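Residue numbers begin at 1 in each chain, while the letters A, B, ... track the order of the sequences. It should be emphasised that the depicted structure is a prediction, and the values quoted were computed from it without experimental measurement.
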Number of protein chains: 2
Amino acid sequence: MDRTDVSLIALRRILRATELYGRRLAKEAGMTAVQFRVMQIIAETGHATPTAIANRMGVTQATMTSLIDKLVAKDMVERKRSEKDRRQTNVTITPLGLTTIDEAPDPLQQRYVKKFEAMQDWEQAMIVAALERVAAMLDADEIDASPVLDIGDIGKAH
Amino acid sequence: MDRTDVSLIALRRILRATELYGRRLAKEAGMTAVQFRVMQIIAETGHATPTAIANRMGVTQATMTSLIDKLVAKDMVERKRSEKDRRQTNVTITPLGLTTIDEAPDPLQQRYVKKFEAMQDWEQAMIVAALERVAAMLDADEIDASPVLDIGDIGKAH
DNA sequence: TCATTTTGCTTAGCCTGTTGAAATATCTTC
DNA sequence: GAAGATATTTCAACAGGCTAAGCAAAATGA
């Protein structure tokens, strides 16, 4: 087995771990990974418009509407008409939504961040360099204005 | 922005490239990424049982039944009752299915493999080491006998 | 000013993937 | 051969995704 195979296998493990994380999250947080991702994005600043979220996640507005519908039904977020531009809807997170995502298990990220930060400086540097190299190899010529979608998002650090 | 963030962002790019690849594949090969993954598994040996495929992909038998239904409708695979154990169904790939996956575009892997193999020895070694390190960080204590699922599977090399 | 275009969002209808529960058919075993 | 285990399928229900169409509110421009 050559290095190419080994590297592909490692990539596969990374993808799979992410997928499994998404499923676990779905069960433990009482919502699906996609819904959780929407919550995370809204929680970053406390509010966001459907279009903005849709763009970041790489889905259409229509899809976002139905996702928000479900989160509203769960009392996790609220819709509020914008004052400035009354075409816009502002989706804000509710107190319940906030505690839910704060308390949500985030095993993948926690695990990764903790271990990453425990590494020595040179090793961190090496990993960052390698990951960026791989990312560049994979998403090259795909840099268009397309959205920042990611499956079960590994999330923002810290 | 510290190194942890940078590394998470790179990971996110990797995941996203994989996701986008799955979507492109779906359009160009005339089937979805999930269906394609089923085809790949069957093609490994030319045949497989629904349960075996379901296990490898981490879905239930019921799901596999409906996936196979669709592939049968597309004339990509066939169901054949096993002779030995007539409870079992053997899913075999058709000639059409075989040519379809042989000719399927595999831009992600091609791109990756080509670039990887063009790298210098020391760089390949560095990337393999880094990817394995990251994979270990992510899928630690998750090594159980669970299935070999991966989204839009990066695929087997060569 | 006001008609036209653009923008932001929702509705409606349709697909795929997924599951759990129940039904069917076929071994296996005592 | 009856009871239990195993392999699949069927069915009903949902989540997520899309497109097309519609509506309401800005923005534009003649």
Yes or no on side-chain contact (heavy atoms from CB on, under 4.5 Å) for A/Met64 and A/Met57, after CA distance, side-chain angles and deciding distance?
CA-CA 9 Å; A/Met64 196 46 57; A/Met57 292 183 58; 4.0 Å; yes

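Base contact: B/Ser66 has a heavy atom under 4.0 Å from a base atom.
Rounded to whole Å, the distance from CE on A/Met64 to P on D/dT19 is 14 Å. Rounded to whole Å, the distance from CD on B/Gln35 to C1' on C/dG17 is 9 Å. For the pair B/Lys74 NZ and C/dC15 P, the interatomic distance rounds to 12 Å; values are reported in whole Å. With rounding to whole Å, B/Ile68 atom CD1 is found 13 Å from C/dT18 atom P. Atoms CD (A/Gln61) and C1' (D/dG17) sit 14 Å apart, rounded to a whole Å. We find that CD1 of B/Ile53 is positioned 14 Å from P of D/dA7, with the value rounded to whole Å. Rounded to whole angstrom, the span from the CE atom of B/Met57 across to the P atom of C/dT19 amounts to 10 Å. What separates CD of B/Gln88 from C1' of D/dA7 is a distance of 7 Å, to the nearest Å.
For A/Ala62, the side-chain atoms get nearest to C/dT11 when compared with the rest of C/dC9, C/dT11, C/dT19. Of the candidate nucleotides C/dT19, C/dT10, C/dT16, C/dT16 has the atom lying nearest to any side-chain atom of B/Lys70. Proximity note for A/Arg87 (side chain, C-beta onward) versus C/dT6, C/dG17, D/dT9: the nearest is C/dT6. Residue B/Thr89 places its side chain closer to D/dT9 than to any other of D/dG17, D/dT9, C/dC9. Of the candidates C/dT11, D/dT10, C/dG17, C/dG17 carries the atom nearest the B/Thr32 side chain, counting heavy atoms from C-beta on.
Using a 4.5 Å heavy-atom threshold, the side chains of A/Ile127 and A/Trp122 count as separate. Between A/Pro50 and A/Thr65, the closest side-chain pair of non-hydrogen atoms is not below 4.5 Å. Between A/Thr100 and A/Met76 the shortest side-chain heavy-atom distance falls below 4.5 Å.
There is no side-chain donor-acceptor pair under 3.5 Å between A/Thr49 and A/Gln88.
Between B/Thr63 and the phosphate of C/dT19, there is a side-chain N or O to OP1/OP2 separation shorter than 4.0 Å. For the pair A/Thr51 and C/dC9, the criterion of a side-chain N or O lying under 4.0 Å from OP1 or OP2 is met. For C/dT10, the OP1/OP2 oxygens have a side-chain nitrogen or oxygen of A/Thr65 closer than 4.0 Å. For the pair A/Thr60 and D/dC18, the criterion of a side-chain N or O lying under 4.0 Å from OP1 or OP2 is met.
Between B/Asn90 and the choices B/Glu78, B/His47, B/Lys80, the side chain to side chain donor-acceptor pair (under 3.5 Å) rule is met once, by B/His47.
Contact check of residues 77-86 of chain A against DNA chain D (heavy atom, cut-off under 4.0 Å) returns A/Lys84, A/Asp85, A/Arg86.
Contact check on A/Arg81 versus A/Glu83 returns no salt bridge, with no Lys/Arg side-chain nitrogen under 4.0 Å from an Asp/Glu carboxylate oxygen. Remark: A/Lys74 does not engage A/Asp69 in a salt bridge, criterion side-chain N to carboxylate O under 4.0 Å.
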